[in-house]
2 protein chains.
Amino acid sequence: MKGIRILVAEDEDKLREVILKYFKKEGYEGFGASDGEEALKLWEEKKPDCVILDVMMPKMDGFEVLQEIRQTDNVPVIMLTARREEDDKIQGFEVGADDYVTKPFSPRELMVRIKALLKRSGVVTVENNLEVCGIQFNPEERLMTINDETIQLSQKEYDMLIYFINNQKLVLSREQILDRIWGFDYEGDSRVVDTSIKRLRKKLGEKGECIQTIRGLGYKFQK
Amino acid sequence: MKGIRILVAEDEDKLREVILKYFKKEGYEGFGASDGEEALKLWEEKKPDCVILDVMMPKMDGFEVLQEIRQTDNVPVIMLTARREEDDKIQGFEVGADDYVTKPFSPRELMVRIKALLKRSGVVTVENNLEVCGIQFNPEERLMTINDETIQLSQKEYDMLIYFINNQKLVLSREQILDRIWGFDYEGDSRVVDTSIKRLRKKLGEKGECIQTIRGLGYKFQK
DNA sequence: CCCATTTTGACACACTAATGACACATGGAC
DNA sequence: GTCCATGTGTCATTAGTGTGTCAAAATGGG
């Protein structure tokens, strides 16, 4: 099984190494970058499942890197900020950071945030060959098998389904779904969700009924 | 018309600023407090229409502030909690919070909650897995179970039932119910309540008898 | 770079549950 | 019995969703 890959961009060598060591201990695959440009290069090269960005870095600061990443990628990003960089934090939220950790922090705290973020972002948390209510998952290829029939899902469909699977029985509002799948800065109509639900249901066939409509609130996944 | 005023008590500057900025964009008037004491002071001073309280704050935590506020004020309060699995939310509901939002969240999600809360203005939610007289509540899943049978309630039915549960043994007049569930500015016939009570009773089956008619006064919920 | 294909977003219209209004039935208080 | 408040069935309206279709945007080869 493919491991979870995390990119750490932090110019303080010691801190970066501590974090990377911690990741290794937890079974994650970590890549270290010591400046912004290296971070971007590694991001393109490795396509990690999560990115940790220090705000203050040589050559290219965290925000610039984030902005660049956000052009094409919705990967979960955690920003590392020092206590007094208040304005910076605002800026980060605007460009689309998913969480912030203020220095100093413990690796343990960072791990907690990462795990929470990965879980919520729903992109990578499904193990291979997981089976939920007759639906077999193959996240690496974004494939799904129902009754020996393989089904190809699109990005949005796949992400939504994972999000539902990870939050079974919970009612998810259109806004929550939008935030998670489209990104909190998505500006379009919240009814895109309806359309995508429609398509997902259709592909799921009879299993589509697992996605229930809670009128006035949203949708939920239940067997 | 007077604008809607919201107090945001959150010690993380970046987050508070982002929220306040969103409020402004949405046409709300926002006040920021960075610790519990400041929050209390601002609450007294500004008498906001809605209060957002971070649980973890310097000087005075969110629960203490809430407790203080609840001595004299029934203003809608949303608590910001750090971790989903914590007892935070339970404790918050006990002291009288109206909703909780788990960090990190997007401004969009918070806005949705605020709007919903303002609309309901005072309808208190119920903790998960509460059981009252054989009726099992599960608000997160938006489910109600009686004798292992799940029941789907509509919005109005659900809100009314919660209102009754939160005010057991109290006689609630049609006017009170209208104010809470339909909003104080509802202009229609007060006998819509009768119709909704009828429907709720029907869905509750034999438990419908728990909703008793107090002739000339209104209704009350009792086992 | 172009073209074919897929994915996505927007929108109109259809459909259905929820709601509100009302007429009439019921039942207690006097 | 009458009076009056409440119960209840029914129906029209409304609000919220489902869905087909089209166009725009992204993707993927030649």
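Scope of the values below: all heavy atoms of this structure, side chains included, with no hydrogens, waters or symmetry mates. We name chains A, B, ... by the order of the sequence lines, and we start the count at 1 in each one.
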Partners meeting side-chain hydrogen bond (donor to acceptor under 3.5 Å, both in side chains) with K156(B) (sequence neighbours left out): none
Distance-only donor-acceptor check, side chains T145(A) and E149(A), under 3.5 Å: no
Which residues, if any, of residues 208-223 of chain A bring a heavy atom under 4.0 Å of DNA chain C? R215(A)
Test item: L204(A) and I135(A) side chains (from C-beta on) under 4.5 Å apart, heavy atoms: yes
Take the protein atom CD of E175(A) and the nucleotide atom P of dG16(D), then report the distance between them rounded to whole Å. 12 Å
Side-chain contact test, heavy atoms from C-beta onward, threshold under 4.5 Å: evaluate it for F137(B) versus I162(B) and give yes or no. yes
Decide side-chain contact (heavy atoms from CB on, under 4.5 Å) for I214(A) and Y219(A); before the verdict, give the C-alpha distance in whole Å, the side-chain angles of both, and the deciding distance to 0.1 Å. CA-CA 5 Å; I214(A) 310 300; Y219(A) 300 92; over 6 Å; no
Taking any atom closer than 4.0 angstrom to a non-hydrogen atom of chain B, what span of DNA chain C does the protein reach, first nucleotide to last? dA18(C) to dG28(C)
Between R174(B) and D194(B), is there a salt bridge with N-O shorter than 4.0 Å? yes
Report, one pair per line, the protein and nucleotides 27-29 of chain D atoms (nitrogen or oxygen only) whose separation is under 3.5 Å.
none

Tell me the interatomic distance from E187(B), atom CD, to dT14(D), atom P, rounded to whole angstroms. 16 Å
Side-chain heavy atoms of Q155(B) within contact of L217(A), under 4.5 Å: yes
Would you mind reading off the bend of the helix from dC1(C)-dG30(D) to dC30(C)-dG1(D) from its two end axes, five pairs each, to 10 degrees? 30°
Identify the residue among V171(B), L170(B), I165(B) that makes a side chain to side chain contact (heavy atoms under 4.5 Å, CB included) with N167(B). L170(B)
Should F164(A) and C210(A) count as side-chain neighbours, where that means a heavy-atom distance under 4.5 Å? no
Find out whether L66(B) and V51(B) are in side-chain contact, i.e. whether some heavy atom of one side chain is under 4.5 Å from a heavy atom of the other. no
Hey, does I197(B) have a side-chain heavy atom less than 4.5 Å from the side chain of M160(B)? yes
Can you confirm whether the side chains of R201(B) and T213(B) place a donor and an acceptor under 3.5 Å from each other? yes
Can you find a pair of side-chain heavy atoms, one from I6(A) and one from C50(A), that are under 4.5 Å apart? yes
Give, ordered by number, those residues of residues 191-204 of chain B having at least one heavy-atom distance below 4.0 Å to an atom of DNA chain C; if nothing qualifies, reply none. V192(B), T195(B), R199(B)
Testing K203(A), R199(A), K202(A), K198(A) one by one against E157(A) for a salt bridge (charged side-chain N to carboxylate O under 4.0 Å, His left out), which residue passes? K203(A)
L178(B) and S190(B), any side-chain heavy atoms less than 4.5 Å apart: yes
